[in-house]
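Remarks on the structure that follows.
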Amino acid sequence: MSRELAKTYNPGEVEDRIYDFWLKGGYFHAEPDSKKKPYTIVIPPPNITGQLHLGHAMDETLQDILIRWRRMQGYSALWVPGTDHASIATEAKIVEAMRAEGITKEQIGREAFLKRAWAWKDKFGGRIEQQLRKLGVSCDWERERFTLDEGCSKAVREVFVRLYEKGLIYRGERIINWCPHCKTTISDAEVEFEEKDGSFWHLRYPFKDGSGYLELATTRPETMLGDTAVAVHPDDERYKSIVGKTLILPLVGREIPVVADEYVEQDFGTGVVKITPAHDPNDFEVGRRHNLPVINVMNEDGSINENGGKYAGMSGLEARKQIVKELDEQGYLVSIEPIKHNVGTCYRCHSTIEPRVSKQWFVKMEPLAKPAIKAVREKDVCFIPERMEKVYFNWMENIKDWCISRQLWWGHRIPAWYCDDCGETVVARTAPDTCPKCGGHHLHQDEDTLDTWFSSALWPFSVLGWPDKTKDLEYYYPTNTLVTGYDIIFFWVARMIFSGIEHTGQVPFHTVFFHGLIRDSQGRKMSKSLGNGIDPLKVIEKYGADALRFTLITGISPGNDTRYSDERVEASRNFANKIWNASRFILMNIDGKEVPNELPRTLSMEDKWILNSFNNLAQEINDNLEKFEFGVAAQKLHDFIWDQFCDWYIEIAKIRLNGTDEAAAQQVRQVLVWVMTRTLALLHPFMPYITEEIWQSLPHTGEALVMAPYPAYDEKLHFAEDTAKMESIMDAVRGVRNRRSEMNVQPSRKTVLHIATAKEDIFRAGEEIFKRLAYAANIEVAPSFSLDGAVTIVTPDAKIYIQMNELVDMEAEKKRLTKELETAQRGYQNAQAKLQNEKFMSKAPEKVVAGVRENSKKLKEHMELIQSSLDALK
RNA sequence: GGACGCGUAGCUCAGCUGGUUAGAGCGCUCGCCUCACACGCGAGAGGUCGUGGGUUCGAGUCCCGCCGUGUCCACCA
C-alpha cells in the first residue's frame, strides 16, 4: 500500500470518520460480563437547553480518559450518557419563547404547555449530545437516559413515597425562598448572596401607653406591614423594663408586643429588632418561640397583598417608597443610613429573593445526612482532592431541611393527591381512584413539581434500572468514579451520596474527582455577561478535538482552576502534528515491506534504551491515572514522544534505515512499529482520534485501538545497562553540539572527534550516532590523547577534543572552562560538606548517602578532566 | 465572622509521601529550509520558589506569623 500523507495532520478529515468507525464497531457498548471487572461512570447530565461549553469539554474529556483507559485494561467499562430536564432553566426558556408569540403558560394551560416542552426537548435535547460526540466521548449511546424519562420518573415516585412513608418527606408551612421572577420556591442552596448597596431605615414605634418611642432599624421597611412584635435581648439592661409592653405599629395601627429573645444582638444597631415572622427566616423562629401571629403581606409576584391594607396591589418597591414617605410625614422616620449588605438572589435569574411563609414539601435532612457524612469520613467515598471533604462536612453537618416543591410545570409532578371530600392527603406511586379515608372519588393531584436536583440525586442508580433489581444494577453499581466541578458539591454530589445510601444501601460511587473551573486567559470566570465564553466546537473545528482535549488536561491538578488560551491549544495542535509526522516517517520507511508488529530477536543499545524508556512511561502513566494526576500523565506522554522518541530515537534510527544492512534495517523498523503502536495506545485515552487513525495504518493486531490492551510495565523491557550507555553517548552528543553552537560552527562543517574515555567500547559503538547527531567526520577513541589547541568537552564519562585550532579563541576557551570548573567545584564542595557532616552520615538514609558519595566521585573526576584541559591551554 | 486555595523563569502552570545542580509550554536570543515535521531542528539566556521566623543532617515541599490574591460557607434585623 502506498499512501501520500499530508505534511500536517488534518483532524477535520479524520474525526467524523473515526467516530463512525467506533460506533459501527459497537466498542462503546458495555454489558455485564462475569469474566470482566466492571468500571462505571455516569455522566453529569447536561441541561437539555444547554450548549456545550469548555466546562463540559473538560468534564467529559476527563471521564473519557478514565473510561477508555479502563476499557483498554480489560474492564467492562460503562459510561452512561444522558441529559437533565433542568426544570427551572428549561421552563424559563420556553416561557420566554412563548412571550415572543404573545402567550403565557396560564393561557394555554398545563397540558398544552407540557406538550410544547416535550417538543422543545425533542428539538434541542439532541443538540448537546451531538456536540459531545464531537469531543470523541466513548459513551454507551445505547443507554442514553433523560431525568424525565419513564425509568427515572418511576425512581422519583418510588423515592418520594418511601421517604414519605418513613416520615422523611413532609408538607408544612415554613419560611421559604421565593423568586418573584421565576414565581417558584427555590432551595437554600439555590440562593446566591450578592453584596448590594442598600439603606438602613431607622424607625421609631410608639408605646401604646404614650410613654414614648422605641427606636429600631430595618433594611426592608415595607415588611413592617407584617410585623407582629418587636424583640430585644433578655439581658439588655436598656430594655429590661419594656419587655412585655405594647407598641402601636405605625401606619397599620396594630398592637404588637415587645418580646425578649436571645436571637437579638445587643451591639447591632439599637439592639431592637422588628419581628416579621412571615418574611424573615430568623423572625419566623422568633415568632414560633413567642407564639406570634404570622401575617403574610406579599403576593407571588412580590407585590403587597390584601393583608397590607391600603398598600395592597403595590409592588414591593412602590410600597417601600410610599411607606417611607408616610412614616416620615408622621414622624416615625428617624434617619436613613446607607449600607452595603448581602442580598439573597435567585441563582437562575438573579432577582432578589423574598423570604415568605408558604406551604411546601420538604425533605427532613438530618437522618439522611448522618450516614452520608459517615461514608465520606470512613472513605467509603473518597474525595479528590481530599480538601473538598471539608466543604462537604461543613454543609452536611449544618444541613437544613430541603424544600423540594416547585411551582413549575416542567418536571416530576409531586405524587400527592388531596381528597376534596375529607381533605386527606394521599401519597402514592400511582394515581388513587378512591380516598382511603372516606372512600370519596374526588381527588386532585398536587399542582407542584419537584426540584430538578431531586431526580438528579438518583441518577447513578436510576439509570441502571432502580428500583427494579436489574442485572445492570447488580453488576455496575455502585459506580466507580464521579467526575465533576467543585461548584456543584451541594446541589448534586452530596445529594447523590445520601440518596444512594438511603435507597440502595450503598454509596453511589467510591471516588469523586473534582476538577477545577476553566477561566479565560485573564483568570476571569467565563460568563455570558462578560462575553468571554469560548465555543469548544469552534476550537475543535480550528485545531481538532484531540488538541482541545490535550489542552484541557495539560498542567491541571485536582481541584485547581486553569486558564484557557488559544496559544495553549496551538501547542497541543503542534504536538498532534508532531505525532502525525513521526508516523508519516515510519509509514514511509515500512512502505511495501512486511514488518511484523513484534520485537526483533536482537536489539541494539538504542533499541533497548527506547524500550526501557517506554516501559517506564507505561508504568508512570498507569500510576498517574490511578492517582487522577491527568496533568502529570499528559506531560510525561508529551515529553517521551517529543524528546525521546522523535528527537533521539527516530534520528538514530535513520542510521540503520538508510544503511546497507537489510537485517539491521528490518530490526529497527520492527522496533519503530512496536514502540509507536504501543505509545499510541498509551496516548489513546487522551487523544483518541489521531491515535486510532495512525494505529490503523500501522501493522497491528486487533481491529481497533480503542479495544487494544493498555500497555503496562514489563520486567522484560528493563534494560539498565544499555540505558546507561546510551545516556553516556547522549551526554557527549549534547556537549559537542553545545560547543559548536557557542562557536558558531556551521552544521555543514564536519570535524573529527577524539574521545578520551575509560569506556572505549561504548563510544566506539556510538560512532554512527556521533557522525549523524554530532557532526563528526569520524571519531577516534582511546584512553587518552595528547592534543594541543583543541576545544575540549568534558562529560561524566569522557573528554572530547574537537580539533579546530583556527576557530579557537584561547581566552574565551579559558574563561568557559574556568566557569565550568567553578560550577563543578561548588557541587563537589557541597557534596563533601555533607559527607563530612556526622549528623548527615548518621541520619540520612543509606540510599541518599550513597547517591551523594557517587556524585562526589563523579564531580571529582569531572574537575580533573576540566583541569587537564585548562593546563593544556597554557 | 468561619473555612479553603493560590503566590515558583517575561506569561500560563507542573513539582507526589522533605533528599544530588528546581521543570514544561508559550515568549525571547543565536544558528539552521539536515532526505517525518518551519505546527520544525540544534543551542542559549532567564528563577533570593511572596515575606519573616521555626522544625530538620537537609525545606519550593512540613509548622507558625505577616502581606497580596481568589473562592466557598454563614449572615446581624
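Each chain gets a letter, A, B and so on, in the order the sequences are listed, and its residues count up from 1.
- Contacts of A:Lys636 with the nucleic acid, taken as non-hydrogen atoms under 4.0 Å apart, are absent.
- The gap from the C1' atom of B:C72 to that of B:G53 amounts to 30 Å, rounded to the nearest Å.
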Carefully, step by step, assess A:Glu861 and A:Lys858 under the rule salt bridge (Lys or Arg N to Asp or Glu O under 4.0 Å).
CA-CA 5 Å; A:Glu861 289 166 9; A:Lys858 276 190 176 161; over 6 Å; no
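- You can see that RNA chain B meets the heavy atoms of chain A within a 4.0 Å-exclusive cut from B:A3 to B:A77, reading 5' to 3'.
- For RNA chain B, if you chain together Watson-Crick or G-U pairs that step i with j, i+1 with j-1 and so on, the runs of at least three with distances under 3.5 Å are B:1-7 with B:67-73, B:10-13 with B:23-26, B:28-32 with B:40-44, B:50-54 with B:62-66.
- The shortest side-chain heavy-atom distance between A:Asn177 and A:Asp188 falls under the 4.5 Å cut-off.
- Within the 4.0 angstrom heavy-atom criterion, base atoms lie near A:Val848.
- Among the protein residues, A:Phe490 comes within range of the sugar-phosphate backbone only, with heavy atoms under 4.0 Å from sugar or phosphate atoms but none that close to a base.
- With sequence neighbours left out, the salt bridge (Lys or Arg N to Asp or Glu O under 4.0 Å) criterion links A:Lys847 to no other residue.
- Among the heavy atoms of the strands lying under 4.0 Å from A:Asn342 is at least one base atom, whether or not backbone atoms are also near.
- Backbone-only engagement by A:Asn560 is indicated by non-hydrogen atom pairs under 4.0 Å involving sugar-phosphate atoms exclusively.
- Using atom P as the reference point in both B:U61 and B:U8, the two lie 14 Å apart (nearest Å).
- Rounded to whole Å, the C1' atom of B:C49 lies 16 Å from the corresponding atom of B:A24.
- No engagement by A:Tyr9 is indicated, since no non-hydrogen atom pair under 4.0 Å with the nucleic acid exists.
- Counting any heavy atom pair closer than 4.0 Å across all strands shown, A:Lys7 reaches sugar-phosphate atoms only and no base atom.
- Nucleic acid contact class of A:Glu265 (heavy atoms, under 4.0 Å, all strands): base.
- The heavy-atom pair separating A:Arg739 from A:Ile802 by the smallest distance is CB-CD1, 4.5 Å.
- Under the rule for a side-chain hydrogen bond (donor to acceptor under 3.5 Å, both in side chains), A:Arg772 has no partner lying at least two apart in sequence or in another chain.
- In this structure, A:Glu838 reaches neither bases nor backbone, as no heavy-atom distance under 4.0 Å exists between it and the strands shown.
- Across all strands, A:Lys843 comes closer than 4.0 Å to base atoms (heavy-atom distances).
- Look at the P atom in both B:C33 and B:A38: the space between them is 14 Å, to the nearest Å.
- A:Asp561 comes within 4.0 angstrom of nothing in the nucleic acid, heavy atoms only.
- Residue contacts shown for A:Ala571 are limited to sugar-phosphate atoms, with no base heavy atom under 4.0 Å away.
- Nucleotides B:G50 and B:G44 have their C1' atoms positioned 29 Å apart, rounded to a whole Å.
- Among the heavy atoms of the strands lying under 4.0 Å from A:Asn282 are primed sugar atoms or P, OP1, OP2 only; no base atom is included.
- Salt-bridge annotation for A:Arg734 and A:Asp731: present, with a side-chain N of the basic residue lying under 4.0 Å from a carboxylate O of the acidic one.
- B:C11 and B:C4: their C1' atoms are spaced 27 Å apart (whole Å).
- For the C1' atom pair drawn from B:U12 and B:U51, the interatomic distance equals 24 Å after rounding to whole Å.
- Counting non-hydrogen atoms of neighbouring residues, nucleotides and ligands closer than 6.0 angstrom, the NZ atom of A:Lys636 reaches no more than 12 such neighbours.
- Among the heavy atoms of the strands lying under 4.0 Å from A:Trp642 are primed sugar atoms or P, OP1, OP2 only; no base atom is included.
- Legend: residues meeting side-chain hydrogen bond (donor to acceptor under 3.5 Å, both in side chains) with A:Gln644, ordered by chain and number and at least two apart, are A:Ser613.
- Projected onto RNA chain B by closest heavy-atom contact, A:Asp643 and A:Gly631 fall at different nucleotides, the more 5' of which corresponds to A:Gly631.
- B:G40 sits 11 Å from B:U34 when the C1' atoms are compared, rounded to a whole Å.
- Closest approach of A:Asn532 to A:Met526, counting heavy atoms only: OD1-CA, 3.3 Å.
- Side-chain contact of A:Asp566 with A:Tyr564: a donor-acceptor pair under 3.5 Å is present, judged by distance alone.
- With the nearest nucleotide of RNA chain B identified for both A:Lys627 and A:Cys646, A:Lys627 has the one nearer the 5' end.
- Residues satisfying the ring-ring contact (aromatic ring centres under 6.0 Å, His included) test with A:Tyr332, not counting sequence neighbours, are none.
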